[in-house]
Each structure stands twice: as C-alpha cells, then as structure tokens.
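To start, the structure under review is shown below, and the notes come after it.
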Amino acid sequence: MSQPDSYTNSDTYSESQVILTSVRIIAPFTLTYGMFLSLHGADTPGGSFQGGAIIGVTVLMLAFAFGIDPTRKWVKNSFVAGLITGGVTIFIATGLFTMALGGNFLEYDAIADTFGIAHYWGMEAIEVGGVALIVAGAVMTLFFATAAGFTPDRHSNESDSTYSSSSSGSASGPEVGRDD
C-alpha cells in the first residue's frame, strides 16, 4: 500500500480548475470591496486598515490559485515597496503640511482654520492614502517573505552573492520578491 513517487515528498504547485475558476470570479469582487472600504476611510465601519488588508489578501488569493512564483513575478518587489513608501510619504507629508500651516504634526484643525474646510480631509488623506497602502504592502511583503522560506541551501547560495559582493552597493539581505 505505497503511494507512487509523484505523491510523496512533493511540494510542487498543482492546478485545480475549481480553485482557478473560483479565484477568477471572486478576486475582482474582493479587490473592489477592499477599495470600497479603503475609500470610505473613517466614515463607515471597516475603514482603511481592513480595506488594505483585503486588497493585500486578494493578491495572496491569486498566489494560491495561480502559483506563488508567477504572482511574485507579476507583483514586483518594487511595486510592493512603492505601496509602503507611498503610504509612509503621504502620512508624513500630511503631518508636515499641518505643521506648515501653524499646527502640530497631524493637527487637522490647522487645515480647517486655514482653508475653511472640515478637518475631515486631513484625516481622509491619512486613512485612504496612508494606512491602506501601508497595510496592503505589508500583507503582501509578509506573505512573499514567508513563502520564500528559509532553507540552508538557499541561504548559503544567496549569502555568497548577496553579502560578500561589494559591487552591488549594499548588503541588504536576501530579496523578498523578484524584479525580473
């Protein structure tokens, strides 16, 4: 009662037409719902954190259906880093903007006093622009880092080229995603 060799110790990706079809149908709706929650920010239950998490999980769902490596090639590392960097930039820029208007860091009343609009817009910039991007990028980064795993063989092969090469400019460690 032994299984064929193809079933033992196999961690390769196998396609399932049910999963592929389900993800093709569901992914646009989950992405739309994540964007809906993100754009509603502080107005409705949910908000940008949950919306960013759903947007990030939609990419994970695609990776489970179509394979991690193809998804990693499709969602480049520079794109994910850009999401996080963009979110942090919006967060800091909003805070510095309120300071330039004479308020404290992220004091939204400075926007209301200067422009005569509700402080709501400063909060929306943070919620929609900052938090959603950071959370979506963090979810994708954590997934791709976990999926890459850590094996002694992989680490020793990459450590020779990544850490000892001074021509690359920096020894930042192994890549999470690929920019092929």
Side-chain angles (χ1 to χ4, degrees), residues 1-91 124 126-163 168 172-180:
M1 300 276 182
S2 66
Q3 294 179 338
D5 288 336
S6 63
Y7 293 111
T8 59
N9 296 330
S10 175
D11 61 350
T12 59
Y13 171 75
S14 63
E15 291 183 7
S16 167
Q17 292 303 317
V18 173
I19 293 174
L20 290 174
T21 303
S22 298
V23 168
R24 282 186 182 130
I25 293 170
I26 295 171
F29 293 106
T30 59
L31 182 64
T32 303
Y33 184 62
M35 292 172 63
F36 170 79
L37 283 177
S38 296
L39 292 174
H40 277 263
D43 286 346
T44 58
S48 294
F49 187 90
Q50 291 84 347
I54 291 172
I55 291 169
V57 168
T58 301
V59 174
L60 274 61
M61 186 171 55
L62 293 170
F64 287 134
F66 298 104
I68 294 170
D69 286 333
T71 305
R72 187 179 289 151
K73 290 177 183 174
W74 177 63
V75 179
K76 301 204 181 300
N77 194 28
S78 58
F79 175 74
V80 176
L83 285 176
I84 295 172
T85 304
V88 170
T89 302
I90 290 170
F91 194 91
E124 283 297 311
I126 295 296
E127 291 282 332
V128 174
V131 174
L133 295 177
I134 293 169
V135 171
V139 167
M140 287 184 255
T141 299
L142 290 172
F143 172 74
F144 287 133
T146 304
F150 177 82
T151 60
D153 295 336
R154 187 177 141 251
H155 185 271
S156 65
N157 290 340
E158 288 182 1
S159 66
D160 294 340
S161 63
T162 305
Y163 294 113
S168 65
S172 60
E175 292 183 39
V176 173
R178 296 181 184 144
D179 280 332
D180 295 338

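Residue indices begin at 1 and follow the sequence shown.
Taking CZ of Phe144 as the start and CG of Asn77 as the end, the distance is 9.0 Å to the nearest 0.5 Å. The distance from atom CG of Leu31 to atom CD1 of Ile26, rounded to the nearest 0.5 Å, is 13.5 Å. Between Met35 atom CE and Ser48 atom OG the span is 12.0 Å, to the nearest 0.5 Å. One distance of note links CH2 of Trp74 with CZ of Phe79; it measures 8.0 Å at 0.5 Å rounding.
Pairs passing the side chain to side chain donor-acceptor pair (under 3.5 Å) check and including a residue from residues 129-138, sequence neighbours excluded, do not occur.
Between Gln50 and Tyr33, the closest side-chain pair of non-hydrogen atoms is not below 4.5 Å.
When all heavy atoms are compared, the tightest approach of Val80 to Gly137 is CG1-O, 3.4 Å. The two atoms that bring Ser38 and Ala132 nearest to each other are OG-CB, 3.6 Å, heavy atoms only. Residues Leu142 and Thr146 approach most closely at O-OG1, 2.8 Å, considering heavy atoms. Scanning both residues, Ala136 and Ile55, for their nearest heavy atoms gives CB-CG2, 4.1 Å. Between Pro28 and Ile25 the shortest heavy-atom distance is CD-O, 3.5 Å.
Remark: of the listed residues Val135, Ile134, Val128, Val135 is the sole one forming a side-chain contact (heavy atoms from CB on, under 4.5 Å) with Val131.
By the side chain to side chain contact (heavy atoms under 4.5 Å, CB included) test, Ala27 pairs with Val23, Thr58, Met61, Leu62, sequence neighbours left out. With sequence neighbours excluded, no residue satisfies ring-ring contact (aromatic ring centres under 6.0 Å, His included) with Phe91.
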Could you go step by step and tell me if Val139 and Leu60 meet the side chain to side chain contact (heavy atoms under 4.5 Å, CB included) rule? CA-CA 9 Å; Val139 167; Leu60 274 61; 3.9 Å; yes
Between Arg72 and Asp69, is the side chain to side chain contact (heavy atoms under 4.5 Å, CB included) condition met? List the steps. CA-CA 5 Å; Arg72 187 179 289 151; Asp69 286 333; 3.5 Å; yes
Step by step, would you call Leu133 with Ile84 a side chain to side chain contact (heavy atoms under 4.5 Å, CB included)? CA-CA 6 Å; Leu133 295 177; Ile84 295 172; over 6 Å; no
